[in-house]
Structure formats: C-alpha cells, structure tokens
Amino acid sequence: QVQLVESGGGLVQAGGSLRLSCAASGRTFSRSAVGWFRQAPGKEREFVGAISWSAGRTDYTDSVRGRFTVSRDNGKNTAYLKMNSLKVEDTATYYCAVKVTNYSNLYWREGQSYDYWGKGTQVTVSS
C-alpha cells in the first residue's frame, strides 16, 4: 500500500512559479513510476508529466513542455513538479499517482495505469 500526499499548491500570478511535492509512504516508491495529472472544473482529468523510477526518462503533455519539470528524490520518497511561466489555463487541481513496476525506464500517460493516487492540491493562476 502506498499513500501519497501532494503539497505546494496555491495562488500565483500568471508568469509565476510553483513547485508541487508528492510525498509517498511505503517501500515501493523507489520502484514506481510517478505521474502528474490535473483536472480543471468542468473538464476531464489530463496527463501533465511523468517520470520513470530510474529518473532517467520523463515525458510531458505538449501544453506544459518546456515550462514544467518532473523530478524525484527516491531517498526522500518524494516526487516534484516544478511549474514555471504559469498561465491562467494551468489552473486546476493537481494529482500525483504512482505505478509500481519492475521496469525502471517506463512511465505511463494514462491515468488508469496507475495504482495509487493522492488527494490533490489546488493551483490557481490569476491574470
């Protein structure tokens, strides 16, 4: 069983930055791919970015590529989503998710592939 707690959300002006954290309990985090997703009011949940458990591979949705960075510290059982140049359209609740896997260099873009989810943290970007 893995429990995930996101933090770091808040209110920021357009153009600003935030760093979200995803703290995981349990011993399997270091062998888990991590995905970040977001859901805005009235919209479907969407993939934001992901990182393999070896930390060697990352992926991003096109709308955040070059602005957001996913990273992880397996020693701290924590993953991060650094968000720069935030836009109003980035406003959403952000969730982290993990998938326990034997494959060190894989990640997934599909939410249904993930085993555990956090409860989310709200990010609001004002104009």
Side-chain angles (χ1 to χ4, degrees):
Q1 189 77 10
V2 177
Q3 292 185 327
L4 304 174
V5 178
E6 302 95 337
S7 62
L11 174 64
V12 64
Q13 286 191 327
S17 298
L18 284 174
R19 189 180 78 160
L20 306 184
S21 298
C22 173
S25 66
R27 300 181 178 180
T28 57
F29 179 79
S30 61
R31 297 180 65 87
S32 299
V34 178
W36 285 94
F37 296 80
R38 66 186 180 186
Q39 187 167 21
K43 295 187 177 181
E44 293 186 353
R45 183 181 63 196
E46 66 170 339
F47 170 77
V48 175
I51 187 167
S52 61
W53 63 255
S54 70
R57 298 188 67 212
T58 56
D59 190 25
Y60 303 91
T61 192
D62 287 345
S63 63
V64 309
R65 195 183 307 274
R67 299 189 296 123
F68 290 11
T69 302
V70 179
S71 62
R72 64 189 298 160
D73 184 337
N74 288 339
K76 295 183 178 179
N77 270 18
T78 302
Y80 305 96
L81 179 65
K82 181 66 187 300
M83 306 184 294
N84 296 326
S85 303
L86 281 161
K87 303 176 180 181
V88 172
E89 51 265 40
D90 294 319
T91 296
T93 300
Y94 283 72
Y95 301 88
C96 66
V98 303
K99 176 178 176 62
V100 182
T101 176
N102 290 326
Y103 299 100
S104 64
N105 63 341
L106 294 185
Y107 51 76
W108 286 262
R109 298 172 67 97
E110 301 79 19
Q112 59 265 34
S113 297
Y114 288 83
D115 303 312
Y116 303 100
W117 290 79
K119 294 184 178 180
T121 185
Q122 176 67 37
V123 172
T124 303
V125 184
S126 64
S127 59

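What's counted below: heavy atoms across the whole structure, side chains too, no hydrogens, waters or symmetry copies.
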*asked:* Has Thr91 got a side-chain atom pairing as donor or acceptor with Val125's backbone, closer than 3.5 angstrom?
replied: yes
*So does Glu44 have more than 12 non-hydrogen atoms from other groups sitting under 6.0 Å from CD?*
no
Validation: residues 92-99 side-chain donor-acceptor distances under 3.5 Å, sequence neighbours left out:
{"residue": "Thr93", "atom": "OG1", "partner": "Gln122", "partner atom": "OE1", "Å": "2.8"}
{"residue": "Tyr94", "atom": "OH", "partner": "Arg38", "partner atom": "NH1", "Å": "2.9"}
{"residue": "Tyr94", "atom": "OH", "partner": "Asp90", "partner atom": "O", "Å": "2.6"}
{"residue": "Lys99", "atom": "NZ", "partner": "Ser113", "partner atom": "O", "Å": "3.4"}

_Spatial distance of atom CD (Glu89) from atom OG (Ser127) [nearest 0.5 Å]_ = 10.5 Å
*Would you give the length of the straight line joining atom OG of Ser30 to atom CG of Asp73, rounded to the nearest 0.5 angstrom?*
11.0 Å
*If you group Ile, Leu, Val, Met, Phe, Trp and Tyr whenever their side-chain heavy atoms sit less than 4.5 Å apart, what else falls in with Tyr107?*
none
*List for me each residue that meets side chain to side chain contact (heavy atoms under 4.5 Å, CB included) alongside Val5, sequence neighbours excluded, and say none if there are none.*
none
*Are Phe37 and Trp117 close enough that their ring centres sit under 6.0 Å apart?*
yes
*asked:* Please check: side-chain N/O of Arg65 versus main-chain N/O of Tyr60, any donor-acceptor pairing under 3.5 Å?
replied: yes
*Any sub-3.5 Å donor-acceptor pair from Thr58's side-chain atoms to Val70's backbone N or O?*
no
*Does the Ser85 side chain pair with the main chain of Arg67, one donor and one acceptor, at a distance under 3.5 Å?*
no
_Within the 4.5 Å heavy-atom criterion, are Val34 and Phe29 side-chain neighbours or not?_
yes
*Nearest heavy-atom pair of Gly9 and Val123: which atoms, and what distance?*
CA-CG2, 4.1 Å
*Output all residues satisfying salt bridge (charged side-chain N to carboxylate O under 4.0 Å, His left out) with Arg109, sequence neighbours left out; order by chain, then residue number.*
Asp59
*Answer yes if Trp36 and Phe47 sit in the same cluster of Ile, Leu, Val, Met, Phe, Trp and Tyr residues linked by side chain heavy atoms under 4.5 Å apart, and no otherwise.*
no
*Of all heavy-atom pairs between Ala33 and Tyr114, which one has the smallest distance, and what is that distance?*
O-CE2, 3.9 Å
*Any chance you could measure Leu4, atom CG, to Thr78, atom OG1, to the nearest 0.5 Å?*
10.0 Å
*Test side chain to side chain contact (heavy atoms under 4.5 Å, CB included) applied to Ser17 - qualifying residues, sequence neighbours left out*: Lys82, Asn84
*Not counting sequence neighbours, which residues clear side chain to side chain contact (heavy atoms under 4.5 Å, CB included) with Ser71? List them please.*
Tyr80
_Whether the side chain of Trp53 engages the backbone of Thr101 through a donor-acceptor N/O pair (distance < 3.5 Å, no angle test) should be reported._
yes
*Can you tell me how far the NZ atom of Lys87 sits from the OG atom of Ser63, to the nearest 0.5 Å?*
7.5 Å
*Between the main-chain N or O of Ser104 and the side-chain N or O of Ser54, is there a donor-acceptor pair closer than 3.5 Å?*
yes
*Are any of the side-chain heavy atoms of Leu20 and Glu6 separated by less than 4.5 Å?*
no
*What distance separates Ser126 OG from Leu86 CG, expressed to the nearest 0.5 Å?*
10.0 Å
*Taking side chain as C-beta onward, heavy atoms only, is Ser7 less than 4.5 Å from Thr121?*
no
*Are any of the side-chain heavy atoms of Thr28 and Gln1 separated by less than 4.5 Å?*
no
*asked:* Under 4.5 Å between side-chain heavy atoms, counting indirect links through other Ile/Leu/Val/Met/Phe/Trp/Tyr residues: same cluster for Leu81 and Leu18 or not?
replied: yes
*Look at the side chain of Asn105 and the backbone N and O of Ser52, then say whether any donor-acceptor pair between them is shorter than 3.5 Å.*
no
